[in-house]
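Read the structure below first, then the notes.
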Amino acid sequence: MDTKSYSVEVNHITKTYGNRAVVNDLSFTVKPGEIFGLIGPNGAGKTTTIRMMMDIIKPDAGDIKILGEKLTETTKNKIGYLPEERGLYKKLSVMESVIYFAALKGVDSKTAGNRAEALLKRVEMLPHRNKKIEELSRGMGQIIQVIVTIIHEPQLIILDEPTASLDPVNAQLLKDMMLDLRKQGKTIIMSTHRMNEIEEMCDRILMINKGRDVLYGDIPNIKAKYRNNSVLVEFQGEMGEIPGVINRREHDHGLELTLDAKTTPQMLLEKLVQKGINITRFELSTPSLNEIFIKVAGNENE
Amino acid sequence: MNKTWLLIKHEFLVMVRRKGFIILTLLIPVIALLGILAGQVIPSLMKTSTPTTQKIGYVDYVGSFTTATSESNINLIEYSTETAAKAALLNKELAEYFVIPSDYVTTGYIQRYTLKSEIEMSGASQTAIRDFLLTNLLRGNGPDIIARVKSPLNVASTTFTSSGEIAKQQGGFAALILPYIFSILLMMSIFSSSGYLLQGLGEEKENRVMEILLSSVSSGQLLMGKVFGLGAAGLLQILIWLISANFIFRLASSSFGSVLGSLNVSPEFLILGVLYFILGYLLVAIGMAGAGAIAPTARDGQQLSVLFTLPVIIPIYFMGLIMTNPENIVVKILTFFPVTAPITVMVRLGISGIPTWELAVSITLLVLSIIGLFILTRKLFRTYLLMYGKRPDLKQIILSFKNA
């Protein structure tokens, strides 16, 4: 893939405050049309990385290309950014807010008005169009924030903790909107602590800790890398001692069996069948992203 | 549409639609109007209780004060004895009476009697008695002489330049009033607009709008939008006050209008006045924006902003020195120091004029300061607008100039 075909290309960026490197020699790329997850514990450097991508703060070293070029005013108009610390002018109405922020992205008020009506209709908020922002509930305000983020039909959308403070209904609404945007070919970067959302939505992830990348790539590959040679088994009857099993722990309605290096899941299945055990479920155990996150972040912090 | 222009328009419209702004803009003229009306209505109410024509009695022991005069509703009536005059006063036939003793011509002393306890004799009585005495003392002279003695001096001064031509700056009250107006306008616009600037920045920090704005515009555009948008709102407010002040002054008195009418403003003064007004506003407003960016709350910002507002009014304390000794080294320093330059220059322009080289140095320093402060404030905007609830120390601020 040549450089121009990346939506985002971050090369060896570093940002230091005093003696503390908040982001340290970080590199990654984001492909067009994918949902890319940016994860990491608090203070890992996620927001600083995003702010450098948005040219809100300058990196001390390294460079960033957005949509194939360095960030300019024109490129900024092609990005939709929902920051973690976000809000709108409380005294403006919903339509006034959307039209003003759209204008700052170079969209004329008529086009912005038409798009805003369509989006408000999509989220069933059209009756609230003339209400002041301060009159909306927090969740509704967040949805308007998302509309402000995408009103200019950006090619790249960066969402920092997008579902924070959303109730499950609105969170699902937002996720549906993101999936729609991916269908339209938009690139989405989302930063979140909610691992289930990352697993559910993202194609690839970057996990950073203490400003450095610690995990980067496709989710299935990452999971395969952290697989610990164990299987989930649900059965009827007594299992007893099984050669090759070095650990066993209760899991849902069955057991999670960890195998030694010489034993494969296939060999275990054969042994269980030979013992006449009635097996109702036999599944390779893969760690959840949450478990990988805790493991990696824990190791890094030791 | 250019993004800076959009920001200016937005800041301006949001500010002028605020209830607080509208109330303050209308309240000041309304209070002034009520004050003027009260000033006119109260005396007229008081007038109705006083007789339209006042009678003042007098007893003449010199024997030559016979030509009684009447002056603005005051009639002078001669009494042959003090007892008769006193009886008339007690009967309320007279408002007061006075006695001209026989040695009046050598002493100038007269004795006045009244029923009222006064701080001072009323101006109308004083004028009436004075004119009566003068007319009688000058009897035998023509009315022109009498009029001249009553009002002997009307001066018309002309100032020459050192080469003997008539100077453009002729001095006097009329020449001073315009620099004062410009100085007061500058101070008013600085204090009102900067207040709005700090308030706006505080609210945006509180609303968390900053980062969304910075994803669309640069910190420099944001700074310009705020300074010009809120500055325009402040100017609009002052313009409304000025227009209403003009109307109110006309209502109050025609004499103020005649002073304004006598102003002969040179184009140089007008250009320099407007230039210093704009430069002065920009310098302080940008500084204020920097203070607003650093401060976690509007109140903290207000405290920090004193660093800029206080020096602006320093020339007021040196007004006497600027007027009497404009060549003094302190006055020169005030002329060159960017924050004190606008008011100092305006006052000096009204009095004696300023050498061209001094103006050139002053304007250059002011412009360079504005550019420098703009660059520094833009860096503060980048770093501190996104920092909530923390107030950085001086070391961090210096670091941010380097890092941003």
Side-chain angles (χ1 to χ4, degrees), chain A residues 15-20 22 47-48 50-60 66 71-92 96-97 99-109 133-134 141 144-145 148-149 151-152 154 156-158 160, chain B residues 1-21 199-200 203-222 225 229 378-390 392-393 395-404:
Chain A
K15 183 74 194 173
T16 309
Y17 288 114
N19 296 323
R20 195 169 70 95
V22 180
T47 298
T48 306
I50 290 174
R51 283 179 178 171
M52 284 192 278
M53 284 161 60
M54 290 306 302
D55 196 36
I56 292 171
I57 48 180
K58 302 264 183 210
D60 299 330
I66 303 286
L71 201 65
T72 59
E73 197 167 301
T74 324
T75 333
K76 271 189 175 181
N77 289 352
K78 295 177 189 168
I79 309 173
Y81 175 43
L82 181 75
E84 186 184 5
E85 294 274 7
R86 52 186 173 254
L88 295 167
Y89 293 106
K90 290 179 184 168
K91 300 284 175 194
L92 292 192
E96 281 172 332
S97 301
I99 288 171
Y100 174 57
F101 286 105
L104 287 178
K105 292 286 190 186
V107 181
D108 65 82
S109 57
I133 297 294
E134 64 187 355
I144 300 302
Q145 292 269 4
V148 164
T149 310
I151 189 71
H152 55 294
L156 170 67
I157 299 153
I158 301 173
D160 199 352
Chain B
M1 204 189 285
N2 180 289
K3 287 182 181 180
T4 311
W5 173 242
L6 268 172
L7 288 164
I8 292 172
K9 199 173 120 190
H10 174 79
E11 293 292 340
F12 177 80
L13 288 176
V14 166
M15 184 49 69
V16 298
R17 281 194 279 177
R18 270 173 199 271
K19 275 187 201 144
F21 182 89
Q199 192 186 353
E203 279 176 8
E204 275 174 9
K205 274 192 164 190
E206 195 187 301
N207 291 346
R208 306 289 195 258
V209 184
M210 281 302 176
E211 200 162 352
I212 297 176
L213 288 173
L214 288 174
S215 72
S216 301
V217 299
S218 69
S219 50
Q221 285 173 320
L222 191 60
R378 199 178 56 187
K379 291 190 176 213
L380 290 178
F381 259 45
R382 269 181 175 274
T383 312
Y384 293 108
L385 283 184
L386 304 178
M387 210 173 261
Y388 307 106
K390 283 185 257 176
D393 58 32
K395 196 177 153 194
Q396 285 172 311
I397 293 170
I398 293 167
L399 255 177
S400 68
F401 288 148
K402 205 180 84 185
N403 287 332

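Note on naming: letters A, B, ... go to the chains in the order of the sequence lines (proteins, then strands), and numbering restarts at 1 for each one.
- Rounded to the nearest 0.5 angstrom, B:Glu211 CD and A:Thr47 OG1 are separated by 7.5 Å.
- Rounding to the nearest 0.5 Å places NZ of A:Lys91 at 12.5 Å from CZ of B:Arg17.
- Expressed to the nearest 0.5 Å, how far CZ of A:Arg51 lies from OG of B:Ser215 amounts to 11.5 Å.
- If you measure heavy-atom distances from A:Asp55 to chain B, the contacts under 4.5 Å come from both the backbone and the side chain.
- Distance check: A:Ile56 CD1 to B:Met210 CE gives 11.5 Å after rounding to the nearest 0.5 Å.
- In terms of the ring-ring contact (aromatic ring centres under 6.0 Å, His included) criterion, residue partners of B:His10 (sequence neighbours excluded) are, by chain and number, A:Tyr89, A:Tyr100.
- Of the atoms belonging to A:Glu96, it is side-chain heavy atoms, and not backbone ones, that fall under 4.5 Å from chain B.
- When side chains are defined from C-beta on, A:Tyr81 does not count as touching B:Leu214, because their heavy atoms never get closer than 4.5 Å.
- Looking at A:Gln145 and B:Ile212, their side chains come closer than 4.5 Å, going by heavy atoms from C-beta outward.
- Remark: side-chain polar atoms of B:Lys3 are paired, donor with acceptor, to backbone N or O of A:Leu104 under 3.5 angstrom.
- The most heavy-atom pairs under 4.5 Å with chain B, out of A:Lys90, A:Met54, A:His152, come from A:Lys90.
- Residues passing the ring-ring contact (aromatic ring centres under 6.0 Å, His included) test with B:Phe12: none are found, sequence neighbours excluded.
- Proximity to chain B (any heavy atom under 4.5 Å) is shown, for A:Leu71, by neither the backbone nor the side chain.
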